[in-house]
Amino acid sequence: AVESLNKALDNILASGVKNPIIYFELAMAYYLSGDYENAMMHAMTAKNMNFAEQRVKHDLEQDLYRLIQNIQREADQKK
């Protein structure tokens, strides 16, 4: 999943489009694979991007908040 999403990200970036959803999906994929460093990096990238549609922004912000909390908790438990 991570490899496919990274390819999608490369294609999106090549088109000049900035889409926080692909970064969120990558963060989720890295989180589920146990790679908390990359998960946090992509989650924070998504969190700091501008959103075109307010409804999408609200939903994604909530999901990102929960994901970032989970990443931090899991990373702390790994230490």
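Because the structure is predicted, anything quoted here is derived from the model rather than measured.
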Mind checking what makes side chain to side chain contact (heavy atoms under 4.5 Å, CB included) contact with Asn70, not counting sequence neighbours? Tyr31, Arg73
Counting distance only, does the side-chain N/O of Lys78 pair as donor-acceptor with the main-chain N or O of Gly34 below 3.5 Å? yes
Across all chains, not counting sequence neighbours, the side chain to side chain contact (heavy atoms under 4.5 Å, CB included) partners of Ala43 are Ala27, Leu64, Leu67, Ile68, Ile71
Tell me, please, which residues at least two apart from Gln77 pass side-chain hydrogen bond (donor to acceptor under 3.5 Å, both in side chains). none
Checking Asp63 now: which residues fulfil salt bridge (charged side-chain N to carboxylate O under 4.0 Å, His left out) with it, not counting sequence neighbours? Arg66
Between the CG atom in Asp76 and the OH atom in Tyr36, the distance rounded to the nearest 0.5 Å is 11.0 Å
With sequence neighbours excluded, tell me which residues meet side-chain hydrogen bond (donor to acceptor under 3.5 Å, both in side chains) with Glu37. none
So, Tyr65 and Gln69: side-chain donor and acceptor under 3.5 Å apart, yes or no? yes
Are more than 12 heavy atoms, taken from residues, nucleotides or ligands other than Glu3, located less than 6.0 Å from that residue's CD atom? no
Met40/Met44 under side-chain contact (heavy atoms from CB on, under 4.5 Å): CA gap, chis, key distance, verdict: CA-CA 6 Å; Met40 185 62 81; Met44 295 307 290; 3.8 Å; yes
In chain order, what residues pass the side-chain hydrogen bond (donor to acceptor under 3.5 Å, both in side chains) check against Tyr30, with sequence neighbours excluded? Asn6
In terms of hydrophobic clustering (I, L, V, M, F, W, Y; side-chain heavy atoms under 4.5 Å; direct or indirect links), are Met28 and Met41 co-clustered? no
